[in-house]
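Notes for the one structure printed next.
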Amino acid sequence: MRTANINLQEIFNEIPKEKREETRLSFAISNKIDELMKERGLNRKQLAEAMGKRPNEVTRWLSGEHNFTISTLAMLSAFFGKSIVTV
């Protein structure tokens, strides 16, 4: 049986820079939402109910893999009274 001798850095370098940046931003946004939820003492279900969303949508937001729209970011910023992203 052959074993793979794959360098993790080589694999990482094969990922386009744009995709790495997209992933970094997505996780930064989900971390910010999580931080704001903790500040308010909200769990996923409570946030979903307060925003008129389903809990599984909040779960996607917090996954770090959700492709946020400007509309969703604006809605979250308005709800929390704080910017989710800074440009």
Side-chain angles (χ1 to χ4, degrees):
M1 177 184 255
R2 294 179 68 181
T3 59
N5 188 13
I6 300 172
N7 183 327
L8 212 49
Q9 188 62 44
E10 289 175 16
I11 294 171
F12 182 75
N13 289 338
E14 289 180 13
I15 300 170
K17 288 181 183 180
E18 300 84 24
K19 186 62 178 170
R20 287 185 294 204
E21 182 62 7
E22 178 185 326
T23 301
R24 185 193 70 76
L25 289 170
S26 185
F27 275 97
I29 291 168
S30 65
N31 288 341
K32 181 68 174 184
I33 295 167
D34 185 60
E35 173 188 315
L36 293 170
M37 286 173 59
K38 286 178 180 169
E39 283 179 12
R40 288 241 186 133
L42 297 172
N43 62 33
R44 293 173 190 203
K45 183 177 179 186
Q46 291 167 327
L47 177 61
E49 288 174 357
M51 297 189 75
K53 300 293 180 181
R54 293 182 176 165
N56 65 344
E57 187 166 358
V58 174
T59 298
R60 278 186 304 224
W61 294 344
L62 297 172
S63 73
E65 297 177 9
H66 184 72
N67 189 7
F68 290 93
T69 64
I70 301 245
S71 176
T72 301
L73 293 172
M75 177 185 57
L76 286 162
S77 293
F79 176 81
F80 287 111
K82 295 184 178 182
S83 293
I84 300 295
V85 295
T86 304
V87 178

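Numbering starts at 1 and runs along the sequence shown.
- Residues Met37 and Leu47 approach most closely at SD-CD2, 3.6 Å, considering heavy atoms.
- Smallest separation of non-hydrogen atoms from Ser30 and Leu62: O-CD2, 3.7 Å.
- For the atom pair CZ of Arg44 and CG of Asp34, the computed distance is 7.5 Å after rounding to the nearest 0.5 Å.
- Here the CZ atom belonging to Arg54 is positioned 14.5 Å from the NZ atom belonging to Lys45, to the nearest 0.5 angstrom.
- Ion pairing of Glu35 with Lys32 is present here, as a side-chain N (NZ or NE/NH1/NH2) and a carboxylate O approach within less than 4.0 Å.
- Side-chain contact between Leu76 and Phe68 is present, with heavy atoms from C-beta onward closer than 4.5 Å.
- Sparse packing is recorded around CG of Leu8, with 12 or fewer heavy atoms of other residues, nucleotides or ligands lying under 6.0 Å away.
- The closest donor-acceptor contact from the side chain of Ser26 to the backbone of Glu22 lies at 3.5 Å or more, if one exists at all.
- Listed here is the closest heavy atom pair of Arg40 and Gly81: NH2-N, 4.5 Å.
- Within 6.0 Å of atom CD1 in Ile70, 12 or fewer heavy atoms from other residues, nucleotides or ligands are found, so the atom counts as exposed in its surroundings.
- Across every non-hydrogen atom of Lys53 and Trp61, the tightest pair is CG-CH2, 4.0 Å.
- At most 12 non-hydrogen atoms from other residues, nucleotides or ligands lie less than 6.0 angstrom from CG of Asn67.
- Using a 4.5 Å cut-off between side-chain heavy atoms of Ile, Leu, Val, Met, Phe, Trp and Tyr, with links allowed through other members, Phe27 and Ile84 fall into different hydrophobic clusters.
- Lys82 approaches Leu36 most closely through the heavy-atom pair CD-CD2, 3.6 Å.
- Remark: side-chain polar atoms of Glu49 are not paired, donor with acceptor, to backbone N or O of Gln46 under 3.5 angstrom.
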